[in-house]
Structure formats: structure tokens, C-alpha cells
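Taking it in order: structure first as C-alpha cells, then the write-up.
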Amino acid sequence: MDCKTLVDMPTTPRTTPVPGGQSGQTTYPTLVLQDINYYVTCRPGPWWKGGCFRGKQVKHVLQNVTLDLPAGQLIAVAGSSGSGKTSLLDIITFRNEGYVTGKMAYKGLHCTKDNMQKICSYVIQADRLLPNLTVLETLIYYAYLKLPGETKKSKLEETVESVISRMGLKGVADSRVGGAVVRGISGGERRRVTIAIQLLQEPDILLLDEPTTGLDSFTARHLVASLQQLARQGTLVVLSLHQPRYDIVRMLDQTILMSKGQVVYSGTTSNLVPYFTNLGHECPSYTNPMDRYMDIISVDHANSENRLNSAQRLQTLVEAYQASDLFAATREKVAEQMRGNFVQVGKSYRPSGPSWFRVFLTLVSRMHVNLYRSPMDLLGRLFLMPVFCPFLLMFLGQMKHNQKSIQDRIGLLYQSGHVPPYFGLFNAIGLFVALRNHFYREGFEGLYSSTTFLLAYTVHIAPFMALSGVIFSSVLYWGAGMNPVADHFAKYLAVVLMLHLSGELLTVAIMGIFKNPRLASNTTSLIFAAASLIGSGFLRSLQNMLQVLKYMSWMSFLKYSSEIFVALEFHNLNLTCEDQMQGLPCIPSGEIFIDSNYPGALDHEARNFQVMAAFTVGFFALAAVVFRMVGIRILQ
Amino acid sequence: MAASGEPHQQVHNTLSLKSGHIAVHPEPKHPIKEPHQAIDVHVEKLSYQVPRHPATWWQHKLGIHSLLPTRCVDGCRVVLDNVTFTVRSGQMLAILGSSGSGKTSLLDVMACRNKTGEVTGEVLLNGVPRTSAMLNACAAYVRQDDRLMATLTVRETLMFVAQLKLPKTFSKEETKARVDSVISELGLVEAADTRVGSAEVRGVSGGERRRVSIGIQMLIDPSEFRSNIFELFDLVMLLSGGRMVYFGKASNMVSYFTRLNYPCPELTNPCDYYVDLTTIDPTSDETERTSKDVVRHFQQAFHLDDPSEVAVNSGNDVSSSSLKIKASIAQAHDVEAAMSQDHFPGLQRQFSVLFRRWMLSEIEDYPLLAIRCAQALAMSVMLGVVYWQMHPDQKTIRDHFGLLYMISVMYPYLIIIDIIESCFKERRLLYFESQDNLYSIEAYYFAKIASDLPFHSLYVTLYILPVYLMANMPLDPAVFFQVFAMVYLSVLCSRGLAMMSASLLPTFQASAFFAQTFFSLFIMSAGFFINLENILSEFKWISVISYLRWGFQGLCMAEIRPLNFTCEGEAMPGTCVHDGGTALEMYSFGDGSTWQALTALGASLVVFLGIKFVALKLVPQTPEEHS
């Protein structure tokens with residue numbers, strides 16, 4: 001993730017203002033790239049064929065790319081897969097994962113990760129939107145998150161409205177976005193929403209990675225037409241395209257053709273055919289020139305002879321381009337920009353975002369709406385844990401008071417401590433993953449911090465967990481006939497709630513480490529199991545364990561909850577000996593059980609509650625630290 | 001590989017499908033024994049309707065939308081309308097159309113693979129209505145979906161198909177040579193030893209993956225393929241809204257539409273251009289109206305043209321072709337006879353090839369293998385540390401039960417979701433490969449179970465050994481083997497339960513829920529949380545059928561019965577339990593024998609696996625739809 005980007009030219013502070021985009025005949029600003037090289041390391045091959053012993057391979061993804069990308073025109077980077085077009089966009093937005101050399105400048109300033117993040121918006125291939133919100137809601141929430149804090153509600157709505165009409169989303173503004181499962185707006189409209197989100201801040205530079213992929217021809221055509229309009233209004237729009245169709249090709253002002261990480265052509269689209277015809281590759285009349293020239297510049301792997309020939313042809317074309325007047329002019333332009341007056345980026349380059357509190361409230365209410373709109377998820381959050389009660393009660397009924405009921409009581413208390421954190425885990429795996437992935441995307445844009453996000457999530461889930469915990473505790477406690485004292489029930493409920501929340505927060509923390517939910521779930525389950533084994537005393541008597549484990553058991557949150565549970569249930573419990581067969585031992589009261597298995601449990605109650613609360617807060621802190629340390633992940 | 005004989009005299013019907021373009025390709029086929037035979041495809045007035053049944057969200061969640069009625073209850077949507085055309089052996093037809101124009105449906109119907117809906121009209125192979133059996137023998141269908149095993153290399157993938165599908169007479173070298181020729185034919189030489197990969201696993205490129213799919217179909221249909229098949233097609237059909245708007249020679253398409261006053265502009269691909277022109281553009285009411293008019297105009301213009309005349313214009317003498325069709329009806333019986341003959345590998349070979357494929361794919365997925373081993377080992381070591389060197393005194397009586405309970409449920413629980421997930425991944429493969437008649441369900445079923453066993457044994461051994469030694473369990477071979485057998489069977493039962501659920505229900509979520517519900521019932525009645533005697537009598541029968549109870553009880557009987565406990569650590573005077581038998585009494589495990597437990601576990605396993613087999617046979621194993 002840490003990209004060592006070498007942009008090593010010193011920035012010289014100047015005060016010269018840079019001509020803005022909008023004013024009439026002023027030339028639009030240009031983004032220039034000079035001699036960009038990009039290397040990635042990869043390690044191929046299966047292990048038993050020696051893959052892990054072979055050294056890493058360094059792949060030269062981009063080779064000496066020098067380009068000028070003027071605003072005001074629609075620019076397309078075209079190439080087959082592996083040509084480096086996506087890498088090029090990645091580098092412009094500093095999302096690259098490898099090693100980069102070369103220079104980049106825009107409006108007379110050197111591009112750094114920081115300033116590019118402010119002026120540049122990147123629309124990646126996948127649309128990652130919350131499926132249950134409407135288009136309007138999605139954009140309004142984003143506006144709250146993105147626009148400066150002092151922005152009035154009316155101004156905010158105005159911005160959203162203008163973006164909606166610019167992207168042609170008026171007709172579907174109140175439709176749900178939808179996703180894989182939920183039916184919603186069409187794929188093209190979803191892509192438009194993704195772009196509209198990026199337009200809220202009116203970025204200087206808009207980059208789109210294969211925006212037409214997966215769209216049908218009309219949708220693609222209209223999308224590109226909208227992009228063309230945006231470009232005409234002064235935004236620098238660069239899109240990568242895999243195989244542009246004839247109608248899209250006509251809308252492109254500038255075309256950059258890439259193959260194997262090299263630029264084969266960069267210039268106006270209208271000049272494409274003459275340029276290649278001049279090099280001896282004319283385009284037949286009923287052929288899309290882009291198809292024709294993409295074929296010519298791609299390397300054919302069918303057999304070694306074809307590969308050799310096509311690779312040679314590509315090399316000739318690259319050399320021809322580098323020797324062309326076209327490239328000489330570009331180079332001159334880039335060099336001039338690089339020589340130009342560099343200004344220091346002021347902190348006030350863009351007004352600061354909304355207040356923390358506003359972001360927080362926006363996040364909470366967006367999570368709420370998203371959950372309410374999905375009845376299945378809402379029901380799951382509320383009733384999944386209570387649904388477990390019947391499983392216990394159908395076998396147990398009202399507990400008896402015979403000797404064998406000691407075993408039943410231990411089993412019930414074990415389940416009381418085990419089920420709440422486990423269903424916390426279950427909810428987190430089911431519902432948190434989507435929100436986390438959504439956060440990774442927004443967090444990358446720097447909309448809010450991970451701690452804000454986690455706090456909002458905790459506040460969002462709290463009421464649902466409380467309700468779920470109350471139902472669970474009431475049914476189980478009174479259904480199984482546990483110690484019928486109101487005070488004891490209240491304490492039981494408090495422990496269940498803390499356990500439920502702890503379980504979910506710990507899972508959230510683990511999900512900050514593992515991208516894969518299954519892995520996170522298994523790890524957390526293992527932690528629960530270990531905590532239960534060494535801490536609860538239900539499965540293994542605490543006194544008999546190794547000394548090391550006795551110390552470790554103090555770190556198990558289930559040690560404290562179990563002690564509270566035992567104290568609540570066995571205190572003042574009378575047991576009969578009637579069922580006990582001759583010669584078998586009989587324990588007449590709960591107190592004896594407490595003394596021999598959990599000595600001092602009754603006295604430790606206050607301490608146990610304090611430690612439980614500390615654990616709950618601690619798990620939140622752990623999650624916050626983990627998310628901060630791991631940082632924002634780039635999802636493919 | 002050089003094309004042998006004259007391509008026109010050979011039979012080979014490939015429906016191959018690229019994004020947006022579909023090619024129907026009658027081509028050489030059946031080199032085995034019979035002389036190569038030409039197959040002409042004639043489609044007569046083919047129409048196809050499917051019922052409109054919008055499934056609701058809960059039907060989707062429960063996965064029952066695929067079980068809804070297939071007849072037209074609330075009205076129908078016409079997918080194909082009166083499609084008539086002829087493709088002769090040696091010709092290649094490309095079907096063009098935008099999404100929703102009916103091109104995939106046309107292929108589905110021609111290949112007898114439409115799941116729902118009503119078909120009228122006829123598809124004739126040499127004048128004989130096609131049957132599934134005929135198609136299985138003489139046609140191959142390359143689909144858009146990739147259903148390849150991610151961890152195998154390109155060569156391994158093709159090798160397995162070749163072993164399953166090439167006639168018995170092929171030697172190993174010949175099989176290898178055939179695979180190599182397919183690899184080079186499709187330009188996969190460079191990628192041959194790269195893993196196929198998937199969305200999650202890095203592998204070959206998307207285009208290469210598609211070519212592997214085509215390679216599989218080339219092997220399924222063991223015949224000579226013409227090289228660079230993708231660049232050549234003689235005939236073009238343009239579909240719009242399920243109706244034909246053009247059928248004829250590719251080179252005549254531009255002039256046909258120019259006659260209708262729609263010339264193709266310069267520097268434009270005519271296929272793209274006319275597909276766009278015949279698609280309804282829903283962007284605005286205005287565009288929708290005008291585009292609808294254009295489409296209607298084309299449909300009518302084509303309808304007025306006699307289809308056969310278009311075909312005549314398309315070059316080959318179609319009038320004689322129709323005669324030929326009649327003439328070849330006699331031949332067709334031979335075709336059918338030839339097709340029904342069984343040249344293909346038997347059950348035994350299918351089993352051994354599938355067995356090796358599962359083994360290989362499991363081993364090749366080494367990170368997963370390593371994780372699973374580590375998981376089993378980690379759990380065992382964790383239990384071993386917690387129950388380190390138990391001394392048989394009063395305080396450890398509960399601990400013994402706790403340990404044995406943990407051993408008997410922990411690993412069985414952990415693998416359930418894992419197995420259901422991998423079953424659903426394989427379901428894709430199973431579904432399409434059984435449609436291609438690559439192997440029988442029986443071969444799949446037994447190969448799957450057999451190939452699981454070595455790994456299962458490995459995991460269980462890793463799971464038992466450390467904890468057995470660390471917890472100071474008796475170093476008596478008889479006790480050890482009993483313990484091993486109980487755990488081995490319990491874990492196997494869990495596998496069976498998971499596999500059964502995965503085959504019974506249509507979605508991952510539903511299967512996981514189903515399996516976990518049963519597991520919860522079994523675990524609650526296992527006799528650890530609730531004393532067997534105290535379980536409500538109405539539900540006692542559940543503990544009788546619970547494999548977790550029998551596993552747990554079996555373990556307790558094997559391990560605890562021979563123990564003698566010292567009276568150290570009595571709770572109060574006179575409460576000392578002296579021997580294991582008494583301890584078992586306390587947990588109501590007093591009566592019962594090891595054999596009883598083993599029998600019950602074996603019976604559970606047989607029931608789970610038996611139901612899985614029946615489910616595989618009866619429940620359609622439709623793969624889950626993904627985003």
C-alpha cells in the first residue's frame with residue numbers, strides 16, 4: 001500500500017495565480033506526465049513447482065510515459081487488458097501499489113498524493129453504493145459528507161439537484177439504488193450515480209476506469225455524451241476504454257493508444273486514421289478504426305511466430321510514435337509546463353469539509369435508513385438471538401431442583417455467556433462487511449476517519465442490540481425458571497447486553513485485520529472459544545489449569561460474566577437429593593457449589609461489572625486502533 | 001492439427017458464444033469409426049414464450065424463485081417469434097443482437113437447454129427433429145459462464161476433460177497429444193501451465209479463460225476444428241425483439257440495409273451499427289418512439305422478403321439444400337444409431353478421473369489446505385494446553401466431561417460452513433458438466449466422497465493426537481482407537497450433514513441455516529448442557545438421533561469408564577466419586593456400549609449421505625446466481 005512515489009523536484013513557492021478553467025478564451029489547464037515508469041513485483045507459479053523459491057519478478061507496467069492531458073476535452077486511454085491503461089489512472093490518483101519514477105504537474109504545481117486527492121476524483125469500475133437508499137438520498141448523504149460545513153441545506157439540495165440533472169438521473173431520483181440481491185435502478189444509472197457522487201465537489205480532474213464496461217450500447221453512448229459535456233464545461237475528463245464502439249469513438253476528442261505499457265499514439269481522434277495510414281496501416285471503410293488499430297498494436301500469443309511478428313510490429317510503431325512530430329510537440333509542451341512557475345499549495349486550496357458532528361449524524365442516519373429498508377436484515381438484527389431461546393427451552397423446560405439440574409444450570413449459564421457474543425459476531429459478519437467496504441471507498445477519499453465511522457456504527461447498532469438482548473434475556477430467564485428475583489434479572493440482562501455488544505465490537509476489530517469475512521469469523525470464533533475455555537470455568541475448572549492459563553484467564557471477558565452468572569443463579573438455591581442413587585454424592589445448596597467452584601464470586605460482583613464495562617469500551621478502542629493502524633484498504 | 005477430409009462432409013455442430021456475438025457452426029465431427037457425416041440444421045417457425053413471474057424478495061432470499069411454475073400463468077413474454085432459417089454443414093452462422101433480443105434463448109432452445117417456457121416450431125437436424133440425446137452426441141455448447149476449477153492449470157483442466165470424454169481406445173500419449181493440439185489451436189501455449197483462476201484467485205486473463213471453455217467443448221466433441229474459427233463466419237442473423245430482421249451472407253448485410261435506405265457510415269463496423277439500429281433506445285420517449293418505428297420497419301421488410309429467398313441470395317443453392325434435407329432423412333436414422341452408441345469411458349474411469357481431479361485441485365489449493373491443517377492443529381493444541389495433564393481427582397470430573405464435549409463438537413461445528421461453501425462453489429461445475437454429459441452423478445458422488453477421505457483422515461489425526469497426549473489421556477491403544485473412531489465418525493457425520501444440506505437446498509444461506517438448525521438441536525440434546533434424564537420427554541427422541549450425543553457419549557464411555565478418581569478436592573465430606581462408572585451415572589451415560597454409539601454414528605452417516613445421493617438425483621443442482 002505504501003507507494004514510494006518519486007516526485008523529487010523541489011517545489012518553489014511563487015505567488016503567480018494560475019488561470020482558472022472557466023473564463024472564455026483562456027487555455028484550459030493541463031495535466032502533464034513526464035517519463036513515468038511503473039514497476040510492480042509479482043511472484044508466480046504454484047508452490048510445489050518451486051514457485052515460492054523462485055525470486056520475485058519485476059514487471060515493468062508503464063514505460064517512459066510522457067503525456068499532456070488538457071482540460072476541456074474528452075480524453076480516452078484505449079488498450080487491451082494488460083496495456084497499462086488502468087495503471088496510468090492509478091498513478092495519476094496515487095493509488096498505485098508498486099514503484100513509480102517520473103514527474104507529474106498540474107496548474108503549475110507538482111502533484112502529490114495530498115493535493116491530487118483534493119482536486120481529482122476517480123470513478124473505479126465497480127459501483128459500490130448502499131443498495132437500500134434511493135438515488136436522491138445517496139447523493140444528499142454524500143453532499144452532507146462532502147460539502148463544507150457551513151453549506152446551507154438549501155444550497156446543498158441545489159447542488160445535488162444540479163448534479164442529478166447533469167447526469168440525467170431526474171427520472172430515477174426516488175428509486176432505490178439496488179444491488180446484487182435488491183432490484184433497483186439499471187446498471188447504467190448506477191454508474192451515473194457513482195459519477196454524480198464524484199461531481200458533488202466539482203473536481204478539476206475526473207478519471208474514469210472503463211466506465212462503459214457492462215453497459216449496453218445506448219447507455220454507454222449516453223454516458224459518454226454526458227462526460228463529453230462535462231469536459232466541455234472545463235473539467236479534465238480522462239476515461240479508460242477497453243474496446244470503444246464506433247459511436248463512442250466519435251465523441252472522443254483525444255485518444256491515447258497503449259499496448260504493453262507503452263504509448264503508441266496520443267493525439268486527436270480525427271488524426272488517428274491519417275496517422276496510421278501514413279505508417280502503412282490504412283483502415284478499411286466498414287471498420288471501426290479503434291478495433292483495427294487495437295488489433296495492430298496488440299501482441300498475438302497464438303503461437304511463437306505470431307508473437308514475434310506482432311511484438312516486432314508494436315516496437316516499430318512505438319518507435320515511430322517517439323520519432324513523430326506529434327510526440328515532439330507533446331514533449332515540448334510537457335517540458336514547458338515542468339519549467340513553469342510552481343506555486344505552493346495553500347491549505348485553503350479547498351474549503352474545509354463539514355463539521356465532525358454533522359458527518360457523525362449523517363453516517364448514523366444513513367446506516368439507519370439502509371437497515372430499515374432491508375426488512376430481512378432488520379429482522380435478523382432484532383430476532384436472530386431470541387430465536388435461539390426455543391432451542392434451549394424445548395429441551396430444558398422449567399429447570400428442576402434435583403442433583404442433575406446442577407448440570408442443566410451450568411449448561412444454561414454457559415449458553416447465556418456464549419450466545420450473546422456469538423450472535424454479535426453473526427450480525428457483524430452479515431451486516432458490517434457491506435458498511436466496511438463502503439467505508440473503505442469513502443475513507444479513501446478522506447471523507448471521514450475510521451474512528452468516526454466506528455463510533456457511528458456503534459451508536460447505530462446500540463438500540464437494536466438493546467431490544468434484541470431484552471427479548472432474549474426475558475424469554476430465557478423466566479422461561480427456564482432461573483432465580484426469580486427482579487434484581488437478579490436486571491443484572492443478568494446487563495451482562496447479556498455487554499456481552500452482545502462486546503462480541504460485535506471484537507468482531508468488528510478483527511474485520512479490520514482480515515478482508516475476508518469468513519476468515520474474520522473463524523478467528524473471532526476461536527477467540528471466543530479460547531476465552532470460554534480458560535475463563536468461564538464451565539468447561540474446565542479454573543483451579544486445575546496450568547498457572548500460566550490462570551493468569552491468562554484474567555484477560556478473558558467471559559471469566560467475569562460467568563462469575564456474575566453463577567453468583568446470580570446459585571445464590572440461595574436449594575437442591576434436593578431425592579433423585580440421587582445410593583452411594584452418589586449429593587450437594588444440598590447452591591452456596592456449596594459456589595464455594596467449591598467459584599470461591600468469592602458473591603463478593604466480586606461490583607468488580608466484575610466494572611471489568612465487563614471496561615472490556616466493552618476496550619473492544620471499541622481496539623477496533624479504533626486496528627482500523628487506524630491497518631489504514632484504508634484498496635478494494636479491487 | 002490439419003483438417004482431415006473435406007470439412008463439408010463432416011458433421012460438427014458447435015454453438016459457440018462470444019459476448020454479443022453468437023456463432024452456430026456446423027463443422028467436422030465424429031471421427032470415430034463412422035465416416036464423417038454432414039449435418040444441416042433447419043429451424044422452422046420457432047417461437048418461444050416464457051411466463052412472467054416476478055419473484056419477490058423473500059422468494060429470492062429463500063431461493064425458491066427457481067421453483068416457481070414454468071407455465072404461462074399470468075401471461076407470457078414472447079422471446080422468440082417465428083424464427084426460420086437453415087444452416088448447412090460447413091457454414092458458420094453468427095447471431096447478432098443486443099441484449100434481450102433473444103439470441104441466447106435461440107441457442108438454449110436449439111440445444112434443448114431452456115428451463116422454462118413453451119416452444120413451438122421445429123429444429124431439424126438433417127430433417128429429423130432434434131432430441132437431447134442427438135444433441136449430446138453431436139453438439140457442443142460453449143456458454144458465457146465460466147465454470148472452471150480455479151486451482152487447476154489450463155493443461156490440467158483440459159486433460160481431465162479429455163480423459164473423461166475421449167473414447168476408451170485413446171492411449172495416454174494420444175490423449176496428451178490431443179490436449180496439446182487444442183492448447184496450441186486456441187493460442188493457450190503460454191498460459192498452459194498457469195492456473196485458471198477466478199474472481200478471487202489470480203489466474204489467466206478473462207479472454208484466455210473463455211478460450212479454455214471453448215477448448216473443453218472442442219474436447220467434448222472430439223473432432224477436428226478449423227483454425228481461426230473466430231474470424232470466419234459465412235452467415236449472419238440479426239435478431240431484434242425475438243424476430244429476425246436479417247438473415248443471409250455477411251457480405252450482403254450492408255447492401256440489404258442500404259436498399260432499405262439505411263447505409264452504413266464510413267469507419268463503422270456494420271455489425272455494431274445495425275445491432276444498434278435494431279435496438280429500442282429507451283433513453284427518452286422520443287428516441288424510444290423513433291427506434292421502435294425503425295425496428296418495426298425492419299421486421300416488416302424482412303417478413304415481406306421470403307426468408308428462403310434471402311437464403312438463396314446468400315449464396316449456396318438452398319433449393320437443392322431443402323431437397324438434400326429430405327434426402328438425408330434416411331441418413332438421419334443412422335446418425336441417431338451412431339450417436340446412441342457408447343464410445344465413452346465407463347463409470348470406473350469416470351470415477352478415477354474425477355477422484356484424481358478432486359485430489360489435485362485440493363492439493364493445488366495449498367493455502368486452504370494449510371489453513372485447514374493449522375486450524376485442526378490449533379484447536380487441538382489449545383484444548384491440550386487448557387486441559388494440560390489432568391489428574392483424576394474430584395475436581396477434574398467435570399473437566400473430563402468438558403474436554404470430551406469440546407473434542408466431540410468443536411471441529412464438527414467448524415467445518416460445516418466451510419463444506420457448504422465449497423459445495424456451492426462446486427455446484428456450478430457439477431451443473432454444467434452434467435449438462436455436457438461429462439460424467440454420471442454416481443461417478444461424481446462416489447469420487448467426491450472418496451477424495452474427501454484422505455484429507456478428512458489427515459485433519460482428524462491432527463485434531464486428535466496433540467490433545468490426546470497433552471491432556472494425559474490413557475496410553476492404552478484400545479482406548480485410543482475407540483476415541484479416534486468416535487471423533488472420526490462424528491466429524492464425518494458433520495461433513496455428511498453439510499453436504500446433504502448443500503444438495504437439498506438451492507442457496508448457500510438456506511443450506512447454512514438448515515444445517516445449523518439441525519446442529520443446534522443435536523448439540524442441545526447431546527447430554528452435556530442438559531442432563532439426558534432432565535430433557536423434556538417430548539423431545540427425548542432428538543437426543544436419540546443426535547450424532548453429537550452418540551459421539552460425546554461414546555467418547556465418555558471410552559475414556560472415563562476405566563478411570564479411578566482420588567477423593568482429593570471433595571466439595572463436602574461424603575461426596576467423593578470413586579470410579580469412572582459412577583461419574584458416567586451422574587451424566588446419565590451409565591448404560592450404553594461403545595458398539596451402540598458406533599452403530600448410531602454409522603447409521604447417521606448413511607442417512608446423511610443417502611439423502612445427499614437422492615437429492616443429487618432429484619433436486620436440480622442449479623448454481624446460485626451471483627451479482
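Quick caveat, the model's predicted, so the values are computed rather than measured. A note on names: the letters A, B, ... follow the listed sequences, proteins ahead of strands, and every chain is numbered from 1.
- Only the side chain of B:Gln375 comes within contact range of chain A, judged by heavy atoms closer than 4.5 Å.
- Between A:Arg409 and A:Lys400, the closest heavy-atom pair is NH1-O, 3.0 Å.
- For A:Val273, the part lying near chain B is the side chain, with the backbone staying farther off; criterion is any non-hydrogen pair under 4.5 Å.
- Interface remark: of the candidates B:Arg398, B:Met390, B:Glu538, B:Glu266, B:Arg398 forms the most heavy-atom pairs closer than 4.5 Å to chain A.
- Using a 4.5 Å cut-off between heavy atoms, A:Asp595 makes no contact with chain B at all.
- Ring pair B:Phe401/B:Phe589 is tilted by interplanar angle, where 30° to 60° counts as tilted.
- No part of A:Arg292 comes within reach of chain B, as not one of its non-hydrogen atoms sits under 4.5 angstrom from that chain.
- Per-residue heavy-atom pair counts under 4.5 Å with chain B were compared for A:Gln543, A:Met545, A:Gln415, and the maximum is reached by A:Gln415.
- Only the side chain of A:Leu549 comes within contact range of chain B, with heavy atoms under 4.5 Å apart.
- Using a 4.5 Å cut-off between heavy atoms, A:Asn522 contacts chain B through its side chain alone, with no backbone atom that close.
- Top candidate by heavy-atom pairs under 4.5 Å with chain A, chosen from B:Val386, B:Leu403, B:Ile535, is B:Val386.
- For a residue to count as touching a neighbouring chain, one of its non-hydrogen atoms must lie under 4.5 Å from one of that chain's; by this rule B:Pro367 does not touch chain A.
- Contacts between B:Ile523 and chain A at a heavy-atom distance below 4.5 Å are absent for every atom of the residue.
- A:Ser541 and B:Asp399 form a side-chain donor-acceptor contact under 3.5 Å, judged by distance and modelled atom types alone.
- Neither the backbone nor the side chain of B:Thr194 has a heavy atom closer than 4.5 Å to any heavy atom of chain A.
- The part of A:Ile410 that comes within reach of chain B is its side chain, from C-beta onward, which places non-hydrogen atoms under 4.5 angstrom from that chain.
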Please assess B:Ser588 against B:Asn531 for the test side-chain hydrogen bond (donor to acceptor under 3.5 Å, both in side chains), listing each intermediate value before the final yes or no.
CA-CA 7 Å; B:Ser588 308; B:Asn531 194 297; 2.5 Å; yes
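- In terms of heavy-atom pairs under 4.5 Å with chain A, the best-connected choice from B:Leu383, B:Leu532, B:Thr517, B:Asp393 is B:Thr517.
- Between A:Tyr293 and A:Phe276, the ring-plane angle classifies as parallel under the 30° and 60° cut-offs.
- The residue among A:Gly411, A:Ala530, A:Ala529 with the most heavy atom pairs within less than 4.5 Å of chain B is A:Gly411.
- Between the side chains of A:Asn544 and B:Thr396, no donor-acceptor pair is found at a separation under 3.5 Å.
- In this structure, chain B has a heavy atom under 4.5 Å from the backbone of A:Phe538, while its side chain stays farther away.
- Annotation: the span from A:Phe395 atom CZ to B:Lys540 atom NZ amounts to 12.0 Å, rounded to 0.5 Å.
- Of the residues considered (A:Leu519, A:Leu539, A:Ile534, A:Val548), A:Leu539 shows the highest number of contacts with chain B, using heavy-atom pairs under 4.5 Å.
- Both the backbone and the side chain of B:Val385 come within less than 4.5 Å of a heavy atom in chain A.
- For a residue to count as touching a neighbouring chain, one of its non-hydrogen atoms must lie under 4.5 Å from one of that chain's; by this rule B:Thr287 does not touch chain A.
- For A:Thr287, the part lying near chain B is the backbone, with the side chain staying farther off; criterion is any non-hydrogen pair under 4.5 Å.
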Please test B:Phe529 against A:Tyr414 for ring pair (Phe, Tyr, Trp, His ring centres under 6.0 Å), starting from the C-alpha separation and ending with a verdict.
CA-CA 8 Å; B:Phe529 291 127; A:Tyr414 171 82; 4.9 Å; yes
Would B:Asp418 and A:Arg518 count as a salt bridge (charged side-chain N to carboxylate O under 4.0 Å, His left out) here? Give the steps.
CA-CA 9 Å; B:Asp418 215 36; A:Arg518 178 59 38 77; 5.1 Å; no
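- Heavy atoms of A:Leu542 lying under 4.5 Å from chain B are absent altogether.
- Only the side chain of B:Tyr413 comes within contact range of chain A, with heavy atoms under 4.5 Å apart.
- Closest non-hydrogen pair, B:Tyr366 versus B:Arg195, comes out as CE2-NH2, 3.4 Å.
- Considering only heavy-atom pairs separated by less than 4.5 Å from chain A, the leading option among B:Ile371, B:Asn269, B:Asp276 is B:Asp276.
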Let me see the working for A:Asp291 and A:Arg245 under salt bridge (charged side-chain N to carboxylate O under 4.0 Å, His left out), right down to the final yes or no.
CA-CA 8 Å; A:Asp291 286 349; A:Arg245 294 156 46 89; over 6 Å; no
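- Crowding of B:Glu568 atom CD: a count of heavy atoms from other residues, nucleotides or ligands under 6.0 Å not exceeding 12.
- Heavy-atom distances place the backbone of B:Ile280, and not its side chain, under 4.5 Å from chain A.
- The line from CG of A:Asn288 to SG of B:Cys271 is 11.5 Å long, rounded to the nearest 0.5 Å.
- With a 4.5 angstrom heavy-atom cutoff, A:Leu533 touches chain B via backbone and side-chain atoms both.
- A donor atom on one side chain and an acceptor atom on the other are found under 3.5 Å apart for A:Asp408 and B:Asn534.
- B:Tyr405 touches chain A through its side chain: at least one heavy atom from C-beta onward sits under 4.5 Å away, while N, CA, C and O do not.
- Classification of the A:Tyr422-A:Phe426 ring pair by plane angle, with boundaries at 30° and 60°, yields tilted.
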